[in-house]
Peer 1: 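Below is one structure. I have some questions about it.
Side chains included, hydrogens not; waters and symmetry mates left out as well; all remaining heavy atoms used.
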Amino acid sequence: VTPICSGEEVQLFAWGSEDLFWLPDPTLSATNIPDPIASPNVTTTYFANDENACGSAQVEVMVTVSEVTLELSTPGVAICQGDGIDITAEGGEEYLWEPPVGISNPNSGNVNASPLVTTQYTVTATDQYGCEDSGNVLVTVVPGPPGGVQHDPISICAGYGVALPSSDGSAWLWEPFLDLSQNNVQH
């Protein structure tokens, strides 16, 4: 019997007398017919028995169940724009990454992802029987390094203060610190 993928079924066949039966198994559709449907979750051996006036015989049929279990090195990662990240997929014999944009080799289990914008990749692993499993990897692209923003010059009169403009962020460091009330606040 040709191997099946997990979740699939296959029809079995046995020939013999009217007394032919299959040994009971909960994954068989019937045991009193020559051609039941088998739907095993794991590789299973089924037995067909037949008797006539000349004796009895038992034959076995093995149904191999193939299951691809995809494993990813990461479910998601953040990179700076222009950088790349190595991602590994295991569990199959062939791989397909989609979308292929920003992937070094979309048919490999070991890729370097370097998208220009945040991208959710889907990788499908396939085994030698055509069985598949898929997973997703979210690569978040951070637009660029923080800071480095330069604003237009500000004029003030001697003895007066001014709030200096800054960009959004989570931490600030103003340099030089001379004549500043604080050097680690946004304004």
Side-chain angles (χ1 to χ4, degrees), residues 1-12 25-29 36-47 60-151 164-175 177 182-187:
V1 174
T2 302
I4 63 172
C5 301
S6 180
E8 293 182 345
E9 55 187 34
V10 64
Q11 189 163 22
L12 305 180
D25 189 290
T27 63
L28 285 177
S29 62
I37 302 293
S39 53
N41 293 322
V42 295
T43 298
T44 303
T45 302
Y46 298 96
F47 298 92
E60 64 181 54
V61 177
M62 180 184 290
V63 176
T64 302
V65 177
S66 180
E67 184 171 0
V68 176
T69 303
L70 177 66
E71 294 184 25
L72 294 166
S73 59
T74 180
V77 65
I79 62 171
C80 293
Q81 192 171 40
D83 288 349
I85 184 75
D86 291 330
I87 304 172
T88 302
E90 296 178 336
E93 302 217 359
E94 296 178 4
Y95 301 90
L96 180 62
W97 292 82
E98 297 207 348
V101 175
I103 294 290
S104 58
N105 179 354
N107 297 310
S108 174
N110 299 307
V111 300
N112 183 276
S114 55
L116 298 177
V117 296
T118 296
T119 304
Q120 174 139 332
Y121 291 104
T122 299
V123 59
T124 301
T126 307
D127 71 4
Q128 70 268 26
Y129 305 115
C131 301
E132 298 179 343
D133 190 21
S134 295
N136 296 316
V137 176
L138 179 64
V139 179
T140 303
V141 177
V142 179
V149 177
Q150 295 183 357
H151 294 279
L164 299 174
S166 66
S167 301
D168 289 337
S170 58
W172 298 266
L173 181 62
W174 293 92
E175 292 180 343
F177 180 61
Q182 291 180 303
N183 72 335
N184 60 353
V185 295
Q186 184 175 8
H187 297 286

Peer 1: Show the numbers, then the answer: is there a side-chain contact (heavy atoms from CB on, under 4.5 Å) between V139 and I87?
Peer 2: CA-CA 10 Å; V139 179; I87 304 172; 4.1 Å; yes
Peer 1: Less than 4.5 Å apart, any side-chain heavy atom of L28 and any of L12?
Peer 2: yes
Peer 1: Listed by chain and number, what are the side chain to side chain contact (heavy atoms under 4.5 Å, CB included) partners of A89, not counting sequence neighbours?
Peer 2: L70, L72, Y95, W97, V123
Peer 1: Determine whether E8 and V10 make a side-chain contact, defined as any pair of heavy atoms from C-beta on separated by less than 4.5 Å.
Peer 2: no
Peer 1: Among all residues two or more places apart in sequence or in another chain, which pass the side-chain hydrogen bond (donor to acceptor under 3.5 Å, both in side chains) test with Y129?
Peer 2: none
Peer 1: When rounded to the nearest 0.5 angstrom, what distance separates CD1 in I85 from OG1 in T140?
Peer 2: 11.5 Å
Peer 1: Would you name the heavy atoms of V141 and P115 that are closest together and state the gap between them?
Peer 2: CG2-O, 3.5 Å
Peer 1: Restricting to non-hydrogen atoms, name the atom on S39 and the atom on Y46 that form the minimum distance, rounded to 0.1 Å.
Peer 2: N-OH, 4.3 Å
Peer 1: Could you go through residues 99-111 and list every donor-acceptor pair under 3.5 Å that involves a side-chain atom there, pairing it with any protein atom two or more places apart or in another chain?
Peer 2:
unit_1	atom_1	unit_2	atom_2	d
S104	OG	N112	N	2.9
N105	OD1	N107	N	3.0
S108	OG	N110	N	3.1
S108	OG	N110	O	3.0
N110	OD1	T88	OG1	3.3

Peer 1: Work out which heavy atom in T44 is nearest to a heavy atom in V42; give both atom names and the distance.
Peer 2: OG1-O, 2.8 Å
Peer 1: If I take atom CD from residue E90 and atom OG from residue S73, how far apart are they, to the nearest 0.5 angstrom?
Peer 2: 8.5 Å
Peer 1: Identify the two heavy atoms, one from M62 and one from V1, that lie closest to each other, and give their separation to 0.1 Å.
Peer 2: O-CB, 3.9 Å
Peer 1: Supply the atom-to-atom distance T43 OG1 to I4 CD1, rounded to the nearest 0.5 angstrom.
Peer 2: 8.5 Å
Peer 1: Got a sec, which pairs hit side-chain hydrogen bond (donor to acceptor under 3.5 Å, both in side chains) with one end in residues 113-128, sequence neighbours left out?
Peer 2: S66-D127, T122-N136, T124-S134
